[in-house]
**Q** 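One structure is given below, represented as structure tokens, and several questions about it will come after.
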Amino acid sequence: MVARAATRTDPPGLLRWFRPSSDAGLMVLALMVGVGAGAGAAILIWAIELVGAAARWVGRLPIEDAWMLVTVPAGMFVAWALTSRFAPEVAGHGVPQIIAALTVRGGRIRTRVAPLKTVATALTIGAGGSAGREGSIAQIGAGIGSMLAQVTKLSEPEMRALVAAGAGAGIAATFNAPIAGMFFAMEVILRDLSIRYLHTVVVAAVAGAVVSHTLIGDELTFQVEAYALDDPWQLVLYAILGLVATGLAIAFIEALEGTAVRFPQLAGWKRPVVFGLVVAGVGLALPKVLGTGQSFIEEVLQGDVALAWWLFGLLALAKIVATSATLGGKGAGGIFMPSLFIGAMAGASFAELSSVVWTQSPLQAGAFALVGMAAVFSGVARAPLTSILIVFEVTGDYGLVMPLMLTVAISTFLANKLHPESAYTAPLLRMGIHTGPAAHVDLLDTVRVRDLGLSTPVTIPPEATLGEVSGILQRRRLHGAPVVDDKGRLLGIIAESDILRAGGPSDQVRARDAMTPNPATVTEDMPISEVLERMAVLGVGRLPVVAADDPERLLGVFRREDAINAYHLALGAAARQDRMPERARARRSDTTGFFEFEIGADSPIAGRRIKEVPWPEGCLVVSIHRGNRVLVASGDEVLRAGDALTIFGDDVARRRLAERLRP
């Protein structure tokens, strides 16, 4: 106990500056997260190359181009086997899982996620699956940030900052684009562009980009020639390209969602195998759509690819099919680079088709491909700032500012109107998580869970039968209660809906078998506004309250009715705050203030108790100065000659007191 107490004292000198919870300590942790994300990006790229080399070795066997019919399903099957067994949240493109962790679990991500995401993504992409590595690296970086935050026992807001910083560092690392990585973290992950997270995200993004560039080199960026808008009338064509990009973005989102929820008959191992064969079949016809597609995008941007407009368009559509089948088949990978691929092919196709009728000025397919990349990604992710900046940073080309801004604005606006959910929020909706814009500060930001003084909760032992649980809930008029073990550790939560789902009250089924394990929780130091947001996101009426330093130690249960108490507390605090200027003005008033009155030896109040003195109306005795002591003016205090009284009142009360106490 002594050693523990010693560790909690403030360390001297510079060590205090590096406390994890201090601003400087958080910056140091953000630097570590960025370095980890940069190294993670390099490791993932090397792992993809290693698996790709093994797949190419299979290609040397006497099966000609049909090798991918073996490698793609095999890679997706092994990736599925790993993720379904150890971490289902690793499957998919990663970003929705990050947002879910921030929204529901306060940023807590299991430590196993980062290494498993690396292996699963390498197997998926290296074997020939169609996906990007960016979302995976973002989830790896977020996992590193969450791990450091949990190890150093940071508060939930600080953990959220490090998780977002890790995701931004992952994007910065995979593209060598720190500014775009920063905006991705704030625009997509946090959905909050306020300055409170900025310094943490910036440090991590810069560190991630530097480390990955040092380890990998320039292959993370596109080497393209400079483009410019030579003819302002081409803005009309770029605006039409924005319409095309909107349609493709919505089609991509629908395809991703369709492959994720349809074909229920493809359960278990059948799903990765069948979808893997679909991806391989598309790859046999159009090999360029397999993998990330980054090298082919660069060739198109450089003008080294001469294809008919319909072939470019076919590649865009084929990429939608291949990527949707890869992720729908439980493969692991991102949608960032596929979105850029679709946009580049669409832009090149549009330029080639338009050049047939547009005779006013020459059209460069590479320029339209560049703008199409940003437009499609913005429609898919609803991240216009990130979309514009990623093109600037990755290509180093600033000559198409006006077309980029125009096309991205059109794509984002129309996609929001026609399909409110982005590719990142649509999976959350399937999970029952309803996200919205970042909330503004309100009264309930000023009240925390601990301020409510929650009573000891009704708990259910795991061995209780559903009949017993139902009886407890009915007697206590509750709809649900936490399930805890004999040490008070939170195991899950059981609600009336869980009992009905298990077949109703029964003496044969135990609470541990019907409960919802690992429920979403809130901590005692969380603002009520965030608690209510989490309840709204999950659509629940109660959330267990756990200790900030121990997510399994149950402290109470926050219910909807507690929000009313919190609101009353907030209103009271706000009212007191509103009265502060009035009280301050009163203290500065010309007619009121503090004054002192000394009791003489012949004063009529000497020897009398304060409560016995007929003080004038509007006169308040504040304190008594007696010798070297200052006493609180209580009613039973006996006044003595020589006492100096500090009194608050107005001028009228002061004159009346002087007259009344005159000997």
Side-chain angles (χ1 to χ4, degrees), residues 36-53 55 72 75-76 79 82-83 90-98 113-144 166-177 180-181 184-185 188-189 205 208-209 211-213 215-222 256 279 288-298 319 322-323 326-327 330-342 344 373 377 380-381 386 390 393-394 423-424:
I43 292 172
L44 177 59
I45 292 171
W46 293 333
I48 292 173
E49 292 176 350
L50 180 63
V51 176
V72 177
M76 290 176 58
L82 286 173
T83 58
V90 167
H93 47 98
V95 175
Q97 288 75 16
I98 301 172
V113 166
L116 281 175
K117 190 71 174 183
T118 302
V119 175
T121 304
L123 288 167
T124 300
I125 300 176
S130 176
R133 59 194 182 216
E134 303 75 31
S136 296
I137 297 177
Q139 192 174 9
I140 292 168
I144 293 172
I171 296 297
T174 192
F175 282 118
N176 191 27
F184 180 85
V188 176
I189 302 298
V211 170
S212 65
H213 184 265
L215 296 175
I216 303 298
D218 292 330
E219 70 175 75
L220 298 175
T221 58
F222 295 109
L256 289 169
V279 176
K288 296 298 183 182
V289 303
L290 298 183
T292 65
Q294 179 174 337
S295 59
F296 188 66
I297 295 175
E298 186 168 346
K319 190 67 172 178
T323 304
T326 299
L327 299 179
K330 303 300 181 181
I335 60 171
F336 205 131
M337 189 63 74
S339 298
L340 299 184
F341 184 99
I342 295 165
M373 289 165 57
F377 178 70
V380 168
T386 304
I390 198 74
E393 283 195 283
V394 170
Y424 295 141

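Small disclaimer: the values here were computed from a predicted structure and weren't measured. For the numbers below, each heavy atom of this structure counts, side chains included, while hydrogens, waters and symmetry mates do not.
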**Q** Could you tell me which non-hydrogen atom of Thr83 sits nearest to which non-hydrogen atom of Ala120, and how far apart they are?
**A**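 Between these two residues, the closest heavy atoms are CG2-CB, 3.9 Å.
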**Q** Any donor-acceptor pair under 3.5 Å linking the side chain of Thr326 with the backbone of Ser130?
**A**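 Yes: the side chain of Thr326 pairs with the backbone of Ser130.
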**Q** Does the ring center of Tyr424 lie less than 6.0 Å from the ring center of His93?
**A**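 Yes - the distance between ring centres of Tyr424 and His93 falls below the 6.0 Å cut-off.
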**Q** Return the NZ to CD1 distance between Lys319 and Ile335, rounded to the nearest 0.5 Å.
**A**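 It comes to 12.0 Å.
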**Q** Restricting to non-hydrogen atoms, name the atom on Ala332 and the atom on Ser136 that form the minimum distance, rounded to 0.1 Å.
**A**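 Shortest heavy-atom contact: C-OG, 4.3 Å.
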**Q** Taking all atoms of both residues into account, what is the closest heavy-atom pair of Ser212 and Ala209, and its distance?
**A**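 Scanning both residues completely, I find the closest heavy atoms to be OG-O, 3.1 Å.
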**Q** Would you give the length of the straight line joining atom OG1 of Thr121 to atom CD1 of Ile48, rounded to the nearest 0.5 angstrom?
**A**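 Answer for the OG1-CD1 pair, Thr121 versus Ile48, is 7.0 Å.
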**Q** Compare every heavy atom of Val95 with every heavy atom of Gly135, then report the nearest pair and how far apart it is.
**A**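 Looks like CA-CG2, 4.4 Å.
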**Q** Find the distance between CD1 (Ile390) and CD1 (Ile171) and round it off to the nearest 0.5 Å.
**A**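 One gets 7.0 Å once the value is rounded to the nearest 0.5 Å.
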**Q** Working to the nearest 0.5 Å, report the span between NZ of Lys330 and OG1 of Thr124.
**A**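 Answer for the NZ-OG1 pair, Lys330 versus Thr124, is 12.5 Å.
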**Q** For a quick test of reading the model, state the closest non-hydrogen atom pair linking Val279 to Gly128 and the distance between them.
**A**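 Minimum heavy-atom separation between Val279 and Gly128: CG1-O, 4.2 Å.
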**Q** Please report the interatomic distance CG(Leu82) to NZ(Lys117), rounded to the nearest 0.5 Å.
**A**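 The CG atom of Leu82 sits 12.5 Å away from the NZ atom of Lys117.
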**Q** Which atom names give the shortest non-hydrogen contact between Ala122 and Ala47, and what distance separates them?
**A**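 Of all heavy-atom pairs spanning Ala122 and Ala47, the closest is CB-CB, 3.6 Å.
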**Q** Just verifying a value: how many Å separate Phe336 CZ and Thr386 OG1, rounded to the nearest 0.5 Å?
**A**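 OG1 of Thr386 is found 7.0 Å from CZ of Phe336.
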**Q** Is it true that a side-chain atom of Gln294 and a backbone atom of Met337 form a donor plus acceptor pair closer than 3.5 Å?
**A**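 No; judged by distance alone, with no hydrogens or angles, the pair does not exist.
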**Q** Taking side chain to side chain contact (heavy atoms under 4.5 Å, CB included) as the criterion, tell me which of Ile297, Ile125, Ile45 meets it with Thr292.
**A**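 Checked Ile297, Ile125, Ile45 against Thr292; only one passes side chain to side chain contact (heavy atoms under 4.5 Å, CB included): Ile125.
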**Q** Check whether any side-chain N or O of Gln97 sits under 3.5 Å from a backbone N or O of Gly94 as a donor-acceptor pair, and report yes or no.
**A**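 Answer holds: yes.
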